[in-house]
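Here is the naming used below: chain letters follow the sequence lines, and residue numbers restart at 1 for every chain. Worth knowing before you read on, the calculation uses all heavy atoms, side chains too, and leaves out hydrogens, waters and symmetry mates.
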Amino acid sequence: MYLILSSIFFPILAGLFLLIRFRTPLSGENRAVSRKTLTSLIGALLVITAALVVAALMCAKDGFTLFYLTKNLPVCFRIDNVGRLFSMLAVIAIPCAGFFSFAYMKHEARESRYYGFYLLAFGVLNALCFAGNLITFYLFFELLTLSSMPLVLHNGSKEALMAGLKYLFYSLCGAYAALFGIYFLYQNCDSLTFTADGALRASSIAEHGGFLLVTAFVMLLGFGVKAGMFPMHAWLPTAHPVAPAPASAVLSAVIVKAGVLAIIRVVGMFGRDFLRGTWVQTVWLILALITVFMGSLLAYREPVLKKRLAYSTVSQISYILFGLAVMNETSFTGSLMHVLAHGFVKAALFLCAGAIIYKTGKTRVAEMRGIGKEMPLTMWCFTIASLGLIGIPPTGGFVSKWYLALGSLKSGLPVFDVLGPVILLVSAMLTAGYLLPLTIHGFFPGADYDYGGFQKKEPCRLMTVPIVILTMLSVLTGLFPDMVAGIIAMAITGR
Amino acid sequence: MDFICNFPFFSILLSLFSGTVCSVLPAKAAKIVNRVVILAVGLMSAALLLYLLSTGESFIYWMGHFPAPWGNEIRAGVLEAGMALFFCIIMYLSMAGGAHKLPGEVVESKHNLYYILVNLLLSSLLALVYTNDMFTAYVFVEINTISACGLIMIRQVGRTIEAAVRYMIMSLLGSGLLLFGLCIMYDLTGHLLMSNIKESVELIVANGEYQIPLIVSVALMCTGLCIKSALFPFHAWLPDAYGYSTVSSAAILSSLVSKGYIFLLIKIIYRVIGFSVFNSTRMIDVLFVFGLMGMIFGSLSAIKENDIRRMIAFSSVAQIGYIYMGFGMGTQAGMVASIFHILSHAATKSLLFIAAIGLTDVSGGSRRFADLTGSAYRNKWAGVAFTAGSLSMVGVPLFSGFISKLLFAQAAVQVEGKMLASLIVLGISTVLNAVYFMKTVIRIYTATTETPYEGITFRHMKAYAVTLVFFILLNVILGVSSQPVVNMIGQGLAMFA
Amino acid sequence: MGPNLFANYGEAVSAILFCIGFTNLLLQTNLIKKIIGLNIMDSAIYLFLAEKGYIAGRAAPIVVDGVTSAERYINPIPSGLVLTGIVVSVSVTALMLSLTIRLYTRYHTLDLDEISTQLKREGK
């Protein structure tokens, strides 16, 4: 119990402390001095938090109730295997991006505010993974939006502010739609504690079945906003490019996944048997496939690198959603694997993009010719991570997509069993089409490239090491899929 | 009858007399008297609340020992005592939070006048809460109006006088309607005491006589109180009145005065007309529709506003809409949600007004958003408080606003016909709230490089900062441990019947 | 409906007067006319109360020749209410008039809309 609580509240309190203690923007002389202490302090905080989370993951067994919001609504925490998986992703990706930002944020103003909210978001994410019922989850879902919004609008420019507001607006709309559903679930369930096989009362299903389907759909759409599902995806490509690169890495790799986690929980509450074969499943499949295809297409046409990666996130998250929508165990495994695979890969890609921006200031893909000669290590990592996203063995992306396609084929759904894998394949081609040119032109700039002007621009270790770690992880998940699959199998069976 | 049963009477009389006493005291002494009286009344209400909780039933106090139906009566139950206690807390905090602004806003010679008005307001609020007599209620409604009008215009600038005139006009329309409705009710039933009227109303309804006059009377009383509490189409006076008066006045007016009328309406619904009779009239549908419209249009006006205090004032319009929506649902749960929202809105709105003044002070007194940029860095306590208030307004979990929205939604789910409308409007209004409050929060936390204004530190505003902390605590307490409060409201409503 | 209305013509008149006063208070832009409207409205209510309290053929409840039977007197409560109401309405009227004077000395007009436009022009 104390491990879970401390892993949630330690970073939150640390973040608040940072926000309150270092409110005034550091400037002038004392900035250089205090920056070193500040970064080492934050590094220590990140490591301690990560250690706490790992300890909580290993040791904590029982759930517990913290307090009662109202009579029947407890705020409670419990670690289950799905949460464990998401928490693993968070605990690796967030400190990595954090260390990366020590170098990246060197020249940005108001670092302490950034790190304060960074830690805050970390704590809230842990709470989200460990939440034991829907109301607790919702509580931290809102807090996650609020604590991650300052990361988006960090640089304070007009576009950043507007992007932040857009993010807030979309997320709140979504969360509210979800809350709407929670009220109905509350009426029709005995408790809001998470289960994986439906908590609806049999009498309610018989009585308000149709209405409950609408509720389920509204909740899917609502939480789908965070996951960037089709009709409400527009905030993602706006918010990512303006955020600092490590923040967009976290946003894209982890925070967006909160929406996925939410959808897994919701489907669990309704029960797959209740949703399978209904119009909700059909519409959901259609939306997911549209998003997959459209995201890739938009990414393909996008000239700005970070925006391209953002569109790619839109597309890739919907792979996961597609897997969930198919609703069998193989595809579920594939989805969960893709959560990990995409998390590591996308974090690595955004950090690479950040390193390029930091060193050269180039943001558009067309300007990046010959970048591989200047920053070979970064670009190698970028290439390997790209392969992971496309789904070429031996990377993690291959395994997860394999499971997804297999699950879809096995599902026996009309039309979608074949259509799904086809669209996934087309989208993978597009992925190759929008990521690989960077590598190709980066390493082979062509005959007319001016080799005289180029210089070594490899970034410092603080930047490269997190990138390398994330890239290696993305490969490792592919090399040893059994380990990951084992955990996931536990998640499926041990629920 | 225990001695403690005298407390409601004592507290009304104490605040009334202290108002008179203040007129001959110097400003400083008047201030102390004012604070002591509010504290004393608060303590008495708290004691009364504990006593009522332990006995578990309400009591009726005969003024001058004439029994009904001749005498005048005071009635105290859990809800009344709790409301009185809460009003005292909010009033004390609002006075403490705005105290440092008073010398700048009100002429020195009128300070004791200010405290007279506050004491008078308190006594009329208490009387509205406790009285069991309709005509007494009317008289105190007028006293309330006059003292509120005085609080608006005590700061003598063109805007406030105009606002006071507009406020008076709307209020007088409202009280005229209330009085007329009351007279018809007296004509129908022959009584002025609430409990006696209710018996007769039940008889009338059972006999099926005088249906139309009864409905007319109910409609007149409801409309009158709605106008007075600034329900949506009648809110024109509100932004100026709240936006330009002294800060304590604004906080008190928005969080207490309109709530006093709403509480009177609740009493009329339960103790005069009878909850089921009231629900069988079409009045609740009217209240429901106007409540919903208020929720949306109030927020829309707030979004368009470029003046932070007027924005907060417009947000009040939306929040009043929430309360009337709860009435309009016509269920016990809706009523509980409304009453909880009265508490939560009072705690939040006064916090916002008090925090906003801290922000405008460090921005050269300007309330325009452009000048407020980065003001939260200049006055940190006010910044944090404003953020907390905004989060509560938006309905973020752990703050009181979330609980009231939760209660509203839970109540809405139980009402078949009105469920969808109320949930959708709740959603829209929440998002609109988020838009303008978050916009402001981001604005005050956007750092500017060059700033012409000086910051202020904790040392120079100890009392102010402590007040803000209390306000935030009040909000969080209401948000985290709401169940006892909700239970108390339920118990109080049960005592009404 | 017709005969009832005729029998209760006092109440009907007071209701009409109330409406006249109400509309005046609401719609007139001139402040003095508004206040007159307010007084018409209040007086209408007092008329209504007095009409309700009066019973034809009975006297005011003042004991003069030792007659204590309630049958002989009218209901005194509405008269009491009227008195209280008059006190309230006088004080409210006084307050309104003083506010009007304040506004007039500042803006030299009694037209509320005119005052509003002047305020807007001041831009405060």
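Contact count versus chain B (heavy atoms, under 4.5 Å) is highest, among A:Ile182, A:Val75, A:Leu146, A:Leu161, for A:Leu146. Most heavy-atom pairs under 4.5 Å with chain A: of the set B:Ile428, B:Leu407, B:Leu423, B:Val396, this distinction falls to B:Leu423. Highest contact tally toward chain A, considering only B:Leu426, B:Val486, B:Val435, is held by B:Leu426 [criterion: heavy-atom pairs under 4.5 Å].
Around the CZ atom of B:Phe470, the shell of radius 6.0 Å holds no more than 12 heavy atoms that belong to other residues, nucleotides or ligands. Atom OH of A:Tyr186 is surrounded by more than 12 heavy atoms from other residues, nucleotides or ligands within 6.0 Å.
For a residue to count as touching a neighbouring chain, one of its non-hydrogen atoms must lie under 4.5 Å from one of that chain's; by this rule B:Thr430 touches chain A with the side chain only. Residue B:Val413 touches chain A through its side chain alone, counting heavy-atom pairs closer than 4.5 Å. Contact annotation for A:Leu168: only side-chain heavy atoms (C-beta onward) come within less than 4.5 Å of a heavy atom of chain B.
The salt bridge (charged side-chain N to carboxylate O under 4.0 Å, His left out) check on B:Arg367 picks up B:Asp307, with sequence neighbours excluded.
No donor-acceptor pair closer than 3.5 Å links the side chain of B:Tyr322 to the backbone N or O of B:Lys405.
Residues A:Leu153 and A:Arg113 approach most closely at O-NH2, 4.3 Å, considering heavy atoms.
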